[in-house]
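Heads up: the structure comes next, in structure tokens.
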Amino acid sequence: MTPIRKILIANRGEIALRIMRTCREMGIRTVAVYSEADRAAGHVMAADEAICIGPPPSRESYLSSEKIIAAAQRAGADAIHPGYGFLSENAAFAGAVAAAGLVFIGPRAESIAAMGDKTAARKLVRAAGVPVVPGSDDAVRSVADVEKFCAKHGFPVLLKAAAGGGGKGMRVVQKAGELEGAFAGAQSEARSAFGDDRIYIEKYLEGPRHVEIQILADRRGNTVHLGERECTIQRRHQKVIEETPSVIVNESMRAAMGKTAVMAAKACGYENAGTIEFLVDRERKFYFLEMNTRLQVEHPVTELRTGLDLVALQIRIARGEDLPLRQEDVVLRGHAIECRICAEDVENNFLPSTGRILHLKSPSGPGIREDRGVEQGGEIPIYYDSMIGKIAVWAPDRPAALARMARALREYELLGVTTNIPLCRFVIGHPKFAAGEFTTNFIQEEFFPEALHREDEALEVAAAAVSAFMASEELQPPPGSSNGTPPPAGTRWRMARNDLLREP
């Protein structure tokens, strides 16, 4: 077994803090890396040691494998945990970590490479008997190649980046007249995001569900799945809300999807934590989409439902331990839901919101978990992803979990930057979402910013009354207000003004 006494975390924000917490419980020291923009960030303050690795732009800091490995060697770290994003699915980085004599807490470089190229991954899993969406076996080089595919399979089709994921380099094409522009756009975005402009094509499934299976595998090939996560609520192919179990998956379907996910993992000799993503059509047939060769953003809902610490299991596998459980040992209990809290303006085309957090109060109480990377007074910089953190809840069943999440979102107070909390509240409270009747187009079809103002308009009179009351009583204005007017809806002052109106 390889000893791991100190881990450098090659990431920032909430995932860096999440990994540090498990390391602390395991008695493992941690090393943070940070850019000059993150000098006072939460993950820097929480680590046992911290090393600056460069200027704010990611390519000069968090995406520099040389600087990160040098920092690990300087700190005397035994291993590197990549978290997710940045270099987490970079095969060259994983190989360089191993070549430097360090442990990469994740899969082998060969497995990352095998699953990182989407066309190669499709061939690999299909050979293992895994169903895939009809599509091209190799990258398509021209619009003419796409036209040939469409002539055979019809519209709509989906253009996708061969070298990446996360919605980058992806375009839906509904008709022939859209092909040329979509192909050029997909190529350009893929080149910018991944340094590789290869595009492949799939038949676009109408109204699909996005369901994924979490797997764990050790070096001996012991592989288990931990149930599914429903990730269908998305905006521009980016996940917003995740839950487990899925409302469309029964026991037999779960067993079949789990078995298929394990087959896909074994096809590339996988070890450590990973996720097999599937698309599910209206007949509940499922098809391999891709494999994420890392820890997922949404892993907390699986931890809540299984009672397992996935980061601890990652570390144990990385140091050579066998999986401490078999498939029959995996027990799935209750229902868990997660909302990603992002600094973005949902009423202004979801533009990122940056600045200092002036006030922050997290929800709490039974069954609530928050993974967050910034505190009150902290900055949301312009350089990185807009996600502030995640709220996850657990309850015995889905209706109770929905009620708990609705309550948690009501309690969440954040001033200084604009967030997507109103969008999350909209989805959680929507009758179709409650009924389980949604597809990946849900936000596109159901959400419109005007819906957010209905309740606010009903409270206009209350706000005015409270302002008058505060003036007459010489009360101090609430945090974030300079003129005595209560902050926007969604803060605790919204509830307070209702209470004031009810007083005699």
Side-chain angles (χ1 to χ4, degrees), residues 118-119 121-137 149-160 165 167 170-175 200-215 225-237 239-265 267 275-292 298 301-302 332 335 337 397-398 427 430-446:
K118 305 309 178 185
T119 55
R122 282 170 53 88
K123 294 177 184 177
L124 184 66
V125 300
R126 187 169 55 194
V130 175
V132 299
V133 179
S136 58
D137 289 333
F149 180 91
C150 295
K152 180 178 180 181
H153 296 279
F155 290 95
V157 296
L158 186 62
L159 303 180
K160 301 176 71 175
M170 188 179 294
R171 297 289 189 282
V172 178
V173 184
Q174 299 286 352
K175 55 187 178 181
Y200 72 104
I201 186 170
E202 288 180 348
K203 178 64 179 171
Y204 181 68
L205 299 181
E206 296 278 11
R209 304 285 283 246
H210 187 148
V211 181
E212 62 189 26
I213 300 288
Q214 174 74 60
I215 64 98
H225 73 85
L226 305 181
E228 81 280 3
R229 294 187 291 252
E230 172 91 58
C231 304
T232 297
I233 300 298
Q234 303 176 6
R235 188 188 72 83
R236 296 178 182 172
H237 308 293
K239 300 168 187 174
V240 178
I241 295 174
E242 300 100 348
E243 62 180 311
T244 180
S246 165
V247 296
I248 65 166
V249 176
N250 56 27
E251 287 298 331
S252 60
M253 185 176 175
R254 180 173 300 114
M257 293 184 77
K259 181 179 179 181
T260 303
V262 169
M263 288 166 51
T275 301
I276 308 296
E277 303 203 1
F278 296 97
L279 287 181
V280 182
D281 67 16
R282 291 168 177 168
E283 285 72 45
R284 298 194 180 186
K285 295 179 181 178
F286 57 89
Y287 303 90
F288 173 84
L289 177 62
E290 63 183 9
M291 183 176 192
N292 292 126
E298 58 271 24
V301 292
T302 296
L332 305 174
H335 199 99
I337 304 174
D397 54 41
R398 190 170 190 262
V427 176
H430 199 287
K432 287 187 178 180
F433 183 74
E437 299 171 356
F438 51 89
T439 71
T440 53
N441 297 322
F442 178 86
I443 291 178
Q444 176 184 331
E445 295 171 352
E446 301 290 337

If the condition is salt bridge (Lys or Arg N to Asp or Glu O under 4.0 Å), which residues does [X] pass it with, not counting sequence neighbours?
{"X": "Lys203", "value": "none"}
{"X": "Lys285", "value": "none"}
{"X": "Glu445", "value": "none"}

Over all atoms of both residues, closest heavy-atom pair of [X] and [Y]:
{"X": "Ile443", "Y": "Ile233", "result": "CD1-CG2, 3.9 Å"}
{"X": "Gln174", "Y": "Pro156", "result": "OE1-CB, 3.4 Å"}
{"X": "Val173", "Y": "Phe155", "result": "O-CD2, 3.6 Å"}
{"X": "Glu298", "Y": "Cys231", "result": "OE2-SG, 3.8 Å"}
{"X": "Gly227", "Y": "Leu332", "result": "CA-CD1, 4.2 Å"}
{"X": "Ala265", "Y": "Ile276", "result": "N-CD1, 4.5 Å"}

*Is there a donor-acceptor contact under 3.5 Å from the side chain of Arg284 to the main chain of Val249?*
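Side chain of Arg284 to backbone of Val249: no pair is present.
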
*Would you say the side-chain atoms of Ser136 pair up with the backbone N or O of Ile201, donor to acceptor, closer than 3.5 Å?*
yes

*Let me see the working for Val240 and Val427 under side-chain contact (heavy atoms from CB on, under 4.5 Å), right down to the final yes or no.*
CA-CA 10 Å; Val240 178; Val427 176; 5.8 Å; no

For [X], enumerate each residue passing the ring pair (Phe, Tyr, Trp, His ring centres under 6.0 Å) test, keeping only those at least two apart in sequence or located in another chain.
{"X": "Phe288", "answer": "none"}
{"X": "Phe442", "answer": "His430"}
{"X": "Phe438", "answer": "Phe433"}
{"X": "Phe278", "answer": "Phe286"}

*asked:* Strictly below 4.0 Å, N to O, side chains only: are Glu290 and Lys160 in salt-bridge contact?
replied: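 Answer for the salt bridge query: no.
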
*Any salt bridge between Glu277 and Lys239, counting N to O under 4.0 Å?*
yes

*Measure the NZ-CD1 distance between Lys259 and Ile213 for me, rounded to the nearest 0.5 Å.*
14.0 Å

*Rounded to the nearest 0.5 Å, what separation is found between the CG atom of Leu279 and the OG1 atom of Thr440?*
7.5 Å

[X]: which residues meet the side-chain contact (heavy atoms from CB on, under 4.5 Å) condition with it, sequence neighbours left out?
{"X": "Arg282", "value": "Glu206"}
{"X": "Asn250", "value": "Ser252, Met253"}
{"X": "Pro245", "value": "Glu228, Arg254, Arg305, His335"}

_Is there a side-chain contact between Leu289 and Val133 in this structure, where contact means two heavy atoms from C-beta onward sitting under 4.5 Å apart?_
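A side-chain contact is absent here, since even the closest heavy-atom pair is not under 4.5 Å.
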
*asked:* For Ser246, run the side-chain hydrogen bond (donor to acceptor under 3.5 Å, both in side chains) check against His210, Arg209, Glu230 and tell me which one passes.
replied: Glu230

*For Arg229, side-chain hydrogen bond (donor to acceptor under 3.5 Å, both in side chains) partners two or more places apart*: Glu212, Gln214, Thr275, Thr302

*asked:* Taking salt bridge (charged side-chain N to carboxylate O under 4.0 Å, His left out) as the cut-off, I'd like each qualifying pair that reaches into residues 122-132, sequence neighbours left out, listed once.
replied: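 Matches after skipping sequence neighbours: Arg122-Glu202, Lys123-Asp138, Arg126-Asp137.
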
*Evaluate side-chain contact (heavy atoms from CB on, under 4.5 Å) for Leu158 paired with Met170, printing each intermediate quantity in order.*
CA-CA 7 Å; Leu158 186 62; Met170 188 179 294; 3.6 Å; yes

